[in-house]
Amino acid sequence: MSGISAVKNQKLSFKTITEEVPGSSLLASLMALLADKKNGSVNDTARRKAWLLECTPLHVLVIAGVFVVAAFAVNLYVVSQQPFLGVVLSESAASDHLIVTNVKNPQNNMLKIGDFVAAFVSDERMVVLNRDALLRSPADAASTFSEYNRLLSEQERLYDIYTSPRLSVQLVDGSVVPLTPAADTPLSSLSLRYWLVNLFGALAFIVGVGVWSFRRGEPAIRLLALLGLGYWLSAFFGSMYLFRELVMPVAWLRIADVGNSVGSMLLACSVLSLLWYYPKQLGIPRMALWIYVGMSVVLINEVLQIIDWPLHTFNLQYMVVFFLGIGFAVVQWQQSEKNPVARAALLWFLLSILISTGVIVMLYFLPFIFGSTPLITPAVTYYLLLVFYLGVVLSVVRVQLFKLEEWCIKAWVCYGVGVFVLFVDVVLVYALNLRFLEGLSLAVLCLVWLYFPIRKWCWGRIIVPPQERLEYYLPQFIASFYSTTSVEHFDAKWRDFLVTLFTPLSVRCMQAVSDKPHLADNAFMLRVPAITQNETLLLIGRNQSTRLFSIEDTKMVDSLLAIARQVAAMRQAHEHGVSEERERIKRDLHDDVGAKLLTLIHRAPTPSDGEIARSALCSLRDTIYSLGEQRVFSIDEALADIRVETDERLESAGIDLEWIQSLDNTPGILSHLQSINLVRIMREVVSNILVHAYARRVVVRVGIGQASLEIAVTDDGMSTDTSRWVLGVGTQNITRRVNALGGNARWYRKEPGLAGVSGVTFEMIFPIKQE
């Protein structure tokens, strides 16, 4: 768009100039025409660039499908044009010569299965047949360019004699058998492996393009599409020469070999780039570009044959990419420590790499590099690469990572079993000089006797630790909810329990109704319904964001939620029954006992008796109010009433009172029941001083702690050692009332120090609610 705007601005400016300059109309017309053409060219370029991005996923998939089908038709045509002898030759374990293992062409039935073949013969030309004639790709067997060219020359001589009009085969015993090759290879003779490899390549390409068509613009998705393209190219060109009968034109062999190398290197470098960018970019933003530049250098060197690499010119680069990928993976693992979604995807990604590319490198490339025969065939490498590719797709697309994480643990265990068996087998074979089958048998016995018990212990302690099992938390869970004083506190208890169970990174409260717990955001979050309120708790990041939540977590939370709701229903029923019983008691006290006390007040023979009756009626009224638990008092109000009553009682007995209160306007409230208990505790304490202490002075100290009220009453009277006291009814009632307030009380002897007062001190502390 910026280019278009610039062209328009240039056009307008030129128009202005030509209008001001006489005689320039022709030049103006020519320049306007050129500007229109340039403008159209820019628009065409923009449209061409935007066309593919604007294609719907269905159109992209259709285009990719048509392309794959057309390419396979070309592949099939090339393969079918190769000469066909109908004779299957294989290496012989008992001889250096090749042996006939199958005869598919009836015209060559003079050859028998089991014949040893020495050479091809035609018009006084002879090509000796050995195991090099069975090579599928000279690039695998040759470690240098000179050896590669030698093998190509042998393939060329073999092809020339293979396609001669009069072809015969010379057997080891000296007899010559004429052969009649067919001009074309019948499709029925193509092996199942040829069709499977092409099918897998097409599948990888379609999956990569399909994922890209739905999620364009993400670097990891682009690399995933390139990875699928590399797999398809490798399978497309590899199937041309891997499953041929014996020979093919050297030019086609060379083209197919280079095409296979391009696909294989594109695949390897795409995996390496993925490990750099996914799940988190490690450093240099354009690292993938440099990786592909390095790939291009290697391919140019292979095509132009400039320099031989150490060890193996054609396979060393794959080993380098493999070990670089391990280094990138280690760094990615460290970087994703606090990102469980990325770590779960990376865990599955790395497992896919180890299962497929690790096996390919160890069993296919390493033997070539060290001059041995590969332990797996090229077709098996394509099967393993498909497993790897699908695993990468699952990890990058992040499809149900919470399930992948669970499967991944089991897959790692199975992978560990295989590695363990191979390791023990190799050790036994080399240490005890055993044969392969003997060593394998002993390795399996070691697996049964040693591994499975260890695995069971690890599974119970590490894979599923006790603290993640329901029975571990159930006793604590039930005790916690049964000890809750009110149903309103259940949701707070529920939240605290979930925090203890999962130690999430954070917990949020959402105004949403949900009946069942369920996973969210790739199992990074867990939505849990509240118990009594129409809310949902959102737990973010399990184990401080180091793990994902799982299906098992939702099942455990669902079971605990059902138990908690049953406990809440039982508690609500209990509180409802208690409330009804309390109302009945209130009515009985008010209508019966209250009425009788009121009658006593009016019929009291003396004023003192009337005063006692009034006091009893006031206590009864306080008791009735406490049963309702509706009124609340500020601490200042309650302490003021207690101070007035205490001062009056002590003054009437000739005892001085010193009231020390550390704070005025104390921020706190008491329920009516708390207020009544506090009044009666102080009343009983003063009564004990009046009856037993013979004191002349009393000091009361009041202080506020952290959400608690502290009161100490000290007298200067006579007393014995408090540790030898036998608590009477009064002191026992004081202790019970303090415990009912949720606090603690004690008596101890006070030495001189506080304003010269010594004697016995009563001290209590209990929690209060802040305003």
Side-chain angles (χ1 to χ4, degrees), residues 137 139-140 143 204 220 223-224 226-231 233-235 238 260-279 282-283 287-288 290-299 301-302 308-334 345-378 380-393 395-396 411-412 415-416 418-419 422-423 426:
S137 170
D140 290 335
S143 58
L223 292 172
L224 189 65
L226 288 175
L227 177 58
L229 175 62
Y231 182 93
L233 285 174
S234 178
N260 178 264
S261 297
V262 171
S264 300
M265 284 300 297
L266 181 61
L267 185 151
C269 292
S270 298
V271 174
L272 188 61
S273 301
L274 262 176
L275 283 170
W276 181 267
Y277 288 94
Y278 181 84
L282 296 182
M287 185 64 180
W290 294 108
I291 291 175
Y292 288 121
V293 168
M295 178 193 78
S296 302
V297 171
V298 172
L299 291 174
N301 180 69
E302 183 175 323
D308 283 319
W309 303 120
L311 295 180
H312 200 290
T313 297
F314 299 95
N315 290 331
L316 180 67
Q317 58 266 28
Y318 300 109
M319 298 296 298
V320 173
V321 169
F322 178 74
F323 288 108
L324 278 177
I326 291 178
F328 290 177
V330 171
V331 178
Q332 285 284 8
W333 185 263
Q334 295 172 348
L346 185 61
L347 195 66
W348 190 260
F349 190 7
L350 296 180
L351 180 65
S352 303
I353 292 177
L354 283 176
I355 288 180
S356 55
T357 59
V359 172
I360 293 172
V361 167
M362 299 302 171
L363 302 184
Y364 189 78
F365 287 114
L366 271 182
F368 270 131
I369 289 177
F370 292 105
S372 299
T373 303
L375 302 179
I376 56 176
T377 64
V380 174
T381 64
Y382 286 107
Y383 307 153
L384 292 171
L385 283 174
L386 181 67
V387 174
F388 154 70
Y389 183 70
L390 295 180
V392 171
V393 170
S395 60
V396 174
W412 275 103
Y415 182 77
V419 172
L422 288 176
F423 175 76
V426 171

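All values reported here derive from a predicted model rather than from experimental measurement. Atoms considered below: every heavy atom in the structure, side chains included; atoms not considered: hydrogens, waters and symmetry mates.
Taking CG of L223 as the reference point, atom CG of L229 lies at 12.0 Å (rounded to 0.5 Å). Distance check, rounded to the nearest 0.5 Å: CG of D308 to CG of N301 gives 8.0 Å. For the atom pair CD of Q317 and OG of S261, the computed distance is 7.5 Å after rounding to the nearest 0.5 Å. With values rounded to the nearest 0.5 angstrom, M287 atom CE is found 10.0 Å from W290 atom CH2. The distance from atom CG of L266 to atom OG of S273, rounded to the nearest 0.5 Å, is 9.0 Å.
V271 and L227 make their closest contact through CG2-CD1, 3.5 Å (heavy atoms, listed as atom of the first residue, atom of the second, distance). When all heavy atoms of S234 and N260 are compared, the pair lying nearest together is O-ND2, 3.0 Å. Across all their heavy atoms, L272 and G325 have their closest contact at CD1-N, 3.4 Å.
Within the 4.5 Å cutoff, no side-chain heavy atoms of S143 are placed close to those of T313. Counting heavy atoms from C-beta on, the side chains of E302 and M265 never come closer than 4.5 Å. In this structure, L299 and V262 have side chains that are in contact, with non-hydrogen atoms separated by less than 4.5 Å.
Shown here are the side chain to side chain contact (heavy atoms under 4.5 Å, CB included) partners of L282, two or more places apart in sequence or in another chain: W276, F328, V331, Q332, Q335. With sequence neighbours excluded, no residue forms a ring-ring contact (aromatic ring centres under 6.0 Å, His included) with Y277. Residues satisfying the side-chain hydrogen bond (donor to acceptor under 3.5 Å, both in side chains) test with S270, not counting sequence neighbours, are Y292.
Among Y231, F314, Y318, the one residue that satisfies the side-chain contact (heavy atoms from CB on, under 4.5 Å) test with S264 is Y318.
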